[in-house]
Structures are given as C-alpha cells and as structure tokens.
Amino acid sequence: MNHITSMKCAVVIAIGTTAVPCAAYTQDTDTWQMRRLFEPSETHLRAETRGSVMIYEGLEETTVNRAMDTHFSRIDNMMFVGTVRNDAEGKVLTNPKTGDVITEDDGCD
C-alpha cells in the first residue's frame with residue numbers, strides 16, 4: 001500500500017544502507033510518484049491538508065533532496081523508503097563487489 005490516510009508521520013531519516021539487485025538502474029522521471037511529488041493535483045493537496053501521507057519508494061537521494069528543498073511546506077505529508085543512494089556527483093552508488101544498487105535502510109522488516 002503506497003498511500004496512507006488519516007495519520008501524521010515524520011520523515012524517516014535512515015542510517016544504514018542495503019544493496020538492491022539491479023543490473024542497470026535508471027530512475028524513471030515520468031512516473032506517477034514523480035508527478036505526485038512535484039506536480040500534485042488539487043485532490044492530492046486537499047488530502048494532504050487532511051493529514052494524508054504519501055510513501056515514496058525507490059527514488060534517488062538527489063530527487064528526495066530536491067523535493068525537500070522545493071516542497072518543504074509539504075514535508076509532513078511525505079515519507080521516503082528504499083531511497084537510492086547517490087555519490088557527490090549525483091551518480092547512483094553501487095556495491096563494487098556485486099554491482100547492486102545501494103539503497104537507504106529504512107529499518108523496517
């Protein structure tokens with residue numbers, strides 16, 4: 001379930017990392033998650049004012065940081081899980097031994 005209603009949630013700040021198998025990861029910038037994050041409909045914005053929280057999964061760190069900077073007023077209504085790690089240049093980090101994409105560990109099992 002990607003949409004949780006009737007609850008407030010703080011943004012999760014993950015500490016650890018995990019690797020996700022992926023031969024050639026590329027974030028699709030034209031997904032419903034990206035549109036919902038950066039161009040929410042009036043219906044979605046009204047739901048957020050009623051306390052709705054959207055869980056975004058598998059976005060890159062650079063995207064999450066951009067969302068935090070450009071939509072700070074909506075931060076209480078966002079939760080990011082499985083965030084794909086980026087290096088200083090914004091490239092996706094991979095495990096050097098396996099080639100798997102490295103993601104934030106959200107601490108949930």
Side-chain angles (χ1 to χ4, degrees):
M1 180 192 244
N2 286 334
H3 185 179
I4 299 175
T5 56
S6 302
M7 70 183 303
K8 285 285 187 182
C9 181
V11 173
V12 173
I13 300 174
I15 296 172
T17 60
T18 57
V20 174
C22 185
Y25 173 85
T26 304
Q27 179 175 282
D28 185 356
T29 57
D30 188 32
T31 65
W32 67 270
Q33 286 194 120
M34 295 291 281
R35 287 189 301 274
R36 172 78 187 263
L37 183 58
F38 292 108
E39 299 170 9
S41 68
E42 288 300 317
T43 301
H44 292 135
L45 291 173
R46 281 193 302 275
E48 287 180 4
T49 62
R50 293 189 308 270
S52 176
V53 175
M54 178 67 194
I55 300 173
Y56 298 93
E57 183 175 11
L59 298 179
E60 290 185 27
E61 268 181 321
T62 53
T63 301
V64 172
N65 291 339
R66 182 167 56 111
M68 299 287 201
D69 291 341
T70 60
H71 295 277
F72 188 78
S73 63
R74 297 173 49 222
I75 198 168
D76 287 342
N77 304 95
M78 302 175 189
M79 181 175 177
F80 300 97
V81 298
T83 303
V84 176
R85 301 285 312 271
N86 295 110
D87 65 14
E89 287 83 42
K91 296 178 185 172
V92 172
L93 288 174
T94 56
N95 181 312
K97 292 181 181 177
T98 65
D100 294 341
V101 172
I102 299 174
T103 60
E104 294 287 335
D105 180 1
D106 59 17
C108 299
D109 290 327

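Positions are given from 1 along the sequence.
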Next item on the list: Please tell me if the side chains of Arg74 and His71 come closer than 4.5 Å, counting only heavy atoms from C-beta onward.
Entry: yes
Notebook entry, point to check: When you measure from the side chain of Asn77 to the backbone N and O of Val53, does any donor-acceptor pair fall under 3.5 Å?
Noted result: no
Next item on the list: Would you check, one step at a time, whether the test side-chain contact (heavy atoms from CB on, under 4.5 Å) holds for Val81 with Ile55?
Entry: CA-CA 7 Å; Val81 298; Ile55 300 173; 3.8 Å; yes
Check: Quick one: CD on Glu61 to OG1 on Thr103, what's the gap to the nearest 0.5 Å?
Finding: 10.5 Å
Next item on the list: Identify, with sequence neighbours excluded, every residue that meets side-chain contact (heavy atoms from CB on, under 4.5 Å) alongside Ser73.
Entry: none
Note to self: Would you say that Val92 contacts Asn86 through its side chain, given a criterion of any heavy-atom pair below 4.5 Å between the two side chains?
What the structure shows: yes
Next item on the list: Indicate yes or no for a side-chain donor-acceptor contact from Asp87 to the backbone of Lys91 under 3.5 Å, with no hydrogens or angles considered.
Entry: yes
Margin query: Among residues at least two apart in sequence or on other chains, which ones pass side-chain contact (heavy atoms from CB on, under 4.5 Å) with Leu37?
Written below: Tyr56, Leu59, Thr63, Ala67, Met78, Phe80
Check: Under 4.5 Å between any side-chain heavy atoms of His44 and Arg36, yes or no?
Finding: yes
Margin query: Is there a continuous path of hydrophobic side-chain contacts, each under 4.5 Å between heavy atoms, that joins Leu45 to Phe38?
Written below: no
Check: Does the pair Ile75 and Met68 meet the rule for a side-chain contact (heavy atoms from CB on, under 4.5 Å), with working shown?
Finding: CA-CA 7 Å; Ile75 198 168; Met68 299 287 201; 3.2 Å; yes
Note to self: Going by side-chain contact (heavy atoms from CB on, under 4.5 Å), name the residues that satisfy it together with Asn65, two or more places apart in sequence or in a different chain.
What the structure shows: none
Next item on the list: Find out whether Glu39 and Met34 are in side-chain contact, i.e. whether some heavy atom of one side chain is under 4.5 Å from a heavy atom of the other.
Entry: no
